[in-house]
Amino acid sequence: MRRKNLIFFIILFLILCVSSIGCVPQAPIPERATVFAMDTIIEITVYGVKADEMVTRSIAELHRLEELLSVTRPESDLARINASGGNPVIVSPETVSLLEVGIDFWEKTGGAFFPGLYTISLAWGFTTDEHLVPEDEELTALLEFIEMEQIQILDNTVVIPFGMKLDFGAIAKGYAIDQIQTIAQELTVESALFSLGGEILAWGTRPDGTPWRIGVLHPITNEYLGIFEVSNMVIATSGRLERFFLGDDGQTYHHIINPETGRPVDNELASVTVLATSGVVADAYATALFVMGLEDGLAFIDEVDDVEAIFITHTGDFFQSKGASRYFTPTAP
Ligand code: AMP
Ligand code: MG
């Protein structure tokens, strides 16, 4: 009887081997989650033994950052600064350092990245979804109050000029990605993919050890333009189709503001995609390059080490920074 059992188990084992359930390695099953936070749909895919913990901690971190940085939650650090009417406000050290990062990018990009435009975004109704097309005079009057030079920071106290409001919408998701990278490092996760609206974190490699492959679509035609092959990289895209509305005049108005005019950026670009190891860097530069436009943006980013960009025009053409071809393979014509 015992011998019969043994034979049965050997046969069963062989069957399992042949049917490749037991002996040949299977594609690992990831831990997946979809959440809505920071005003965007977030898709999470994590592989490995700590995947469950990685997902839980990342989601908690995304919600924590939303509470800290959202302009629409009255108790957030940013909302309190914006409601200050020019008076000093004490905020967390984290908010102070992100503001310092924002000011740094404002300087580096010659003002194209401009985290002090929230009164302008409000005038267009971008955060309330009550869209309007403001008059030029109204925008000019609002712009008069907006001077980044006048922001004062002393320890954890921030003073912004009366009539100005801050908005970290062009950097907050990138910052969240950097926080997620820290969690992945702490948990020694080796394979994960995070998509936060326009930002993608390709952490480590695919489970089989090969780089992540991220396709690039033209934002208007949906034509497939090429593929990124990357590991431990952030890919951030800024473009006019992420958030826009149709005005009564039949024109479309999108959410990335030219800080000189207070109006949506109007140039030859449909989108800019930036590749960098840091989320904040990729996010801030994607917005800034979109504001700068094709020629200035390309010249600018070619001078920045270890950051690459793809500029996509309305007409479907695309242009790459000097080092982008190390990661990006265009679709064969
Ligand atoms: P992104 O999708 O990263 O390009 O960020 C766009 C968001 O940043 C907008 O929805 C606004 O909240 C804010 N924003 C608009 N224009 C600018 C600008 N020139 N510089 C910085 N932030 C901006
Ligand atoms: Mg950005």
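Just follow the structure's listing: the first ligand is 1, and inside any ligand the first atom is 1. Along the sequence shown, the residues carry numbers beginning at 1.
Protein atoms of type N, O or S found under 2.8 Å from the Mg ion (ligand 2) total 4.
No more than 12 heavy atoms of other residues, nucleotides or ligands sit less than 6.0 Å from atom CG of D306. Applying the 6.0 Å contact sphere to CD of E149 captures more than 12 heavy atoms from other residues, nucleotides or ligands.
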Candidate pair T119 and M164, rule side chain to side chain contact (heavy atoms under 4.5 Å, CB included), full reasoning: CA-CA 6 Å; T119 49; M164 179 183 188; 6.0 Å; no
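The aromatic rings of F114 and W106 sit perpendicular to each other, their planes meeting at more than 60°, with 30° as the lower class boundary. Ring geometry, F126 versus H255: the interplanar angle exceeds 60°, so the pair is classed perpendicular (tilted spans 30 to 60°). W124 and F245 have tilted rings, their planes meeting at an angle from 30° to 60° on a 0 to 90° scale.
Interatomic distance, Y175 OH to L68 CG, rounded to the nearest 0.5 Å: 8.0 Å.
Here the side chain of T329 pairs no donor or acceptor atom with the backbone of S325 at under 3.5 angstrom. The backbone N or O of T95 sits nowhere less than 3.5 Å from a side-chain atom of D77 that would complete a donor-acceptor pair.
A distance limit of 4.0 angstrom between heavy atoms and ligand 1 selects the residues A112, F113, F114, L117, D167, G169, A170, S238, E242, H255, I256, I257, P259, D283, T287, V291.
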